[in-house]
Amino acid sequence: MASSLTCVGVVWAFLSFLCAAASCVGFFMPYWLLGSQLEKSVSFGTFRRCSYPVRDESRQTTVMVEQCGRYASFQAIPSAEWRICTVVTGLGCGLLLLVALTALMGCCVSELISRTVGRVAGGIQFLGGLLIGSGCALYPLGWDSEEVRQTCGNLSNQFELGTCEIGWAYYCTGGGAAAAMLVCTWLACFSGKKQKQYPY
C-alpha cells in the first residue's frame with residue numbers, strides 16, 4: 001500500500017487523530033463543570049447536562065432527575081456565552097477531525113498529501129485548536145447563570161466556581177486542542193513527501 005506521508009507524517013496522522021478524538025469526546029461529554037444540587041451530583045457541558053430539578057406536583061416538592069441529556073433547544077442553553085462556546089468549540093472539533101481523517105487517509109493513498117498540503121493542514125489544525133481554546137476561555141463567562149449558581153451553592157460568578165469544580169471533559173477538550181496546536185501543527189510541516197516531477 002503506497003503512502004503519501006513521510007515517517008514524521010505517519011506520527012503526525014496518528015497524533016492528529018488522538019488530539020481530535022480527545023477534543024471531540026471532551027466536547028460531547030457533559031462533565032465540564034461538576035457540582036451538586038439537592039444532595040445529588042450535577043454536571044454541565046456546553047450544551048448538555050446531567051441531573052436536573054423537576055417540580056413534583058403530587059408531593060409539592062422539587063426532585064432531581066438523575067439523567068444526562070442535551071438542552072431542548074439552542075436557546076435553552078443557560079447563557080449566551082455557552083451558546084457561543086458550543087458553536088466555536090464544535091467548529092474547532094470539526095476542523096481537527098477533518099484534518100485527522102485526511103491525514104489517516106494519507107497513510108494509504110499515494111500522492112494525497114504533499115508538503116504544501118501538509119502545511120495547509122497544519123494551518124487548519126492551528127485554527128481548529130485556536131477555536132477550541134477560545135471556546136474553553138469563554139466557558140467561565142457563563143458561570144453566573146442561574147442554573148450554575150443553583151448548583152454551585154449560589155456562590156458562582158464569572159471566573160468564580162463557588163462550590164463547584166472543573167471536570168475532566170474540560171481538560172480533555174482543551175488538552176487535545178493544545179496538543180494539536182503545539183505538536184501537530186509543527187509535525188504537519190514535515191508530513192508530506194516531495195511530489196514527483198513528471199516530464200511532459
Side-chain angles (χ1 to χ4, degrees), residues 5-6 8-35 43-50 68 70-71 74 77-107 113 115-145 148 156 158-161 164-192:
L5 296 173
T6 60
V8 172
V10 173
V11 173
W12 166 68
F14 286 106
L15 275 179
S16 295
F17 181 73
L18 290 176
C19 291
S23 290
C24 290
V25 166
F27 172 59
F28 185 73
M29 290 295 166
Y31 303 109
W32 282 41
L33 186 66
L34 309 174
S43 60
F44 296 93
T46 61
F47 64 97
R48 298 182 74 216
R49 175 183 176 152
C50 287
C68 295
R70 62 181 176 80
Y71 290 99
F74 188 70
I77 294 173
S79 68
E81 293 86 1
W82 282 14
R83 288 191 283 274
I84 295 167
C85 177
T86 299
V87 172
V88 168
T89 307
L91 188 59
C93 286
L95 289 176
L96 289 189
L97 205 55
L98 176 71
V99 172
L101 295 175
T102 304
L104 287 176
M105 281 174 41
C107 293
I113 298 182
R115 285 188 180 174
T116 305
V117 171
R119 289 177 180 146
V120 169
I124 293 171
Q125 279 182 310
F126 189 82
L127 176 63
L130 203 60
L131 286 169
I132 295 169
S134 301
C136 289
L138 280 170
Y139 189 70
L141 292 171
W143 293 349
D144 62 345
S145 68
V148 175
S156 68
Q158 292 184 343
F159 295 98
E160 291 178 30
L161 280 170
C164 291
E165 60 186 45
I166 292 177
W168 64 267
Y170 181 84
Y171 294 115
C172 189
T173 307
M181 283 176 69
L182 300 174
V183 181
C184 295
T185 299
W186 178 68
L187 289 176
C189 296
F190 312 102
S191 62

[X] side, atom [atom1]; [Y] side, atom [atom2] - distance, nearest 0.5 Å:
X      : Y      : atom1 : atom2 : value
Leu91  : Ser134 : CG    : OG    : 10.5 Å
Asp144 : Gln158 : CG    : CD    : 4.5 Å
Ser23  : Leu97  : OG    : CG    : 10.0 Å
Leu187 : Ser16  : CG    : OG    : 7.5 Å
Leu15  : Cys184 : CG    : SG    : 5.0 Å
Leu104 : Leu5   : CG    : CG    : 9.0 Å

Measure the shortest side-chain to side-chain distance between [X] and [Y] over non-hydrogen atoms and say whether it is less than 4.5 angstrom.
X      : Y      : value
Ile132 : Cys93  : yes
Tyr139 : Phe44  : yes
Ile124 : Leu98  : no
Glu160 : Trp143 : no

Using modelled atom types and a 3.5 Å cut-off, is there a donor and acceptor pairing between side-chain atoms of [X] and backbone atoms of [Y]?
X      : Y      : value
Ser145 : Ser79  : no
Ser43  : Pro30  : yes
Ser156 : Leu161 : no

SG-SG under 2.5 Å, Cys50 vs Cys68: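 In this structure, Cys50 and Cys68 share a disulfide.
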Thr86: side-chain hydrogen bond (donor to acceptor under 3.5 Å, both in side chains) partners, not counting sequence neighbours: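 Thr86: side-chain hydrogen bond (donor to acceptor under 3.5 Å, both in side chains) contacts with Thr46.
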Ring centres under 6.0 Å, that's the criterion: do Phe27 and Phe47 meet it?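 Centroid distance Phe27-Phe47: below 6.0 Å, so yes.
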Phe14 atom CZ: more than 12 heavy-atom contacts under 6.0 Å: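 Check fails, neighbour count at 12 or below.
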Distance-only donor-acceptor hits, side chain of residues 175-182, under 3.5 Å, sequence neighbours excluded:
none

Taking all atoms of both residues into account, what is the closest heavy-atom pair of [X] and [Y], and its distance?
X      : Y      : result
Gly135 : Cys85  : O-SG, 3.0 Å
Phe159 : Ala137 : CZ-O, 4.0 Å
Glu81  : Leu141 : CG-CB, 3.4 Å
Ala188 : Gly122 : CB-CA, 3.5 Å
Ile113 : Ala103 : CD1-CA, 3.8 Å

Decide whether a cation-pi geometry holds between Arg48 and Phe28; the criteria are a distance under 6.0 Å from NZ or CZ to the six-membered ring centre and an angle within 45° of the ring axis.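 The answer is yes; both the distance and angle limits are met.
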Looking at residues at least two apart in the chain, or sitting in another chain, which of them share a ring pair (Phe, Tyr, Trp, His ring centres under 6.0 Å) with Phe190?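 Residues passing ring pair (Phe, Tyr, Trp, His ring centres under 6.0 Å) with Phe190: Trp186.
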Which residues share a ring pair (Phe, Tyr, Trp, His ring centres under 6.0 Å) with Phe17, sequence neighbours left out: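 Not a single residue meets the ring pair (Phe, Tyr, Trp, His ring centres under 6.0 Å) criterion with Phe17.
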Is the Tyr170 ring parallel, tilted or perpendicular to the Trp32 ring (thresholds 30°, 60°)?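 Perpendicular.
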Report the residues that fulfil side-chain contact (heavy atoms from CB on, under 4.5 Å) with Leu127, sequence neighbours left out, ordered by chain and then residue number.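 In terms of side-chain contact (heavy atoms from CB on, under 4.5 Å), with neighbours along the sequence ignored, Leu127 is linked to Leu95, Leu131.
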Restricting to side-chain contact (heavy atoms from CB on, under 4.5 Å), what partner residues turn up for Ala22, sequence neighbours left out?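 Residues passing side-chain contact (heavy atoms from CB on, under 4.5 Å) with Ala22: Cys172.
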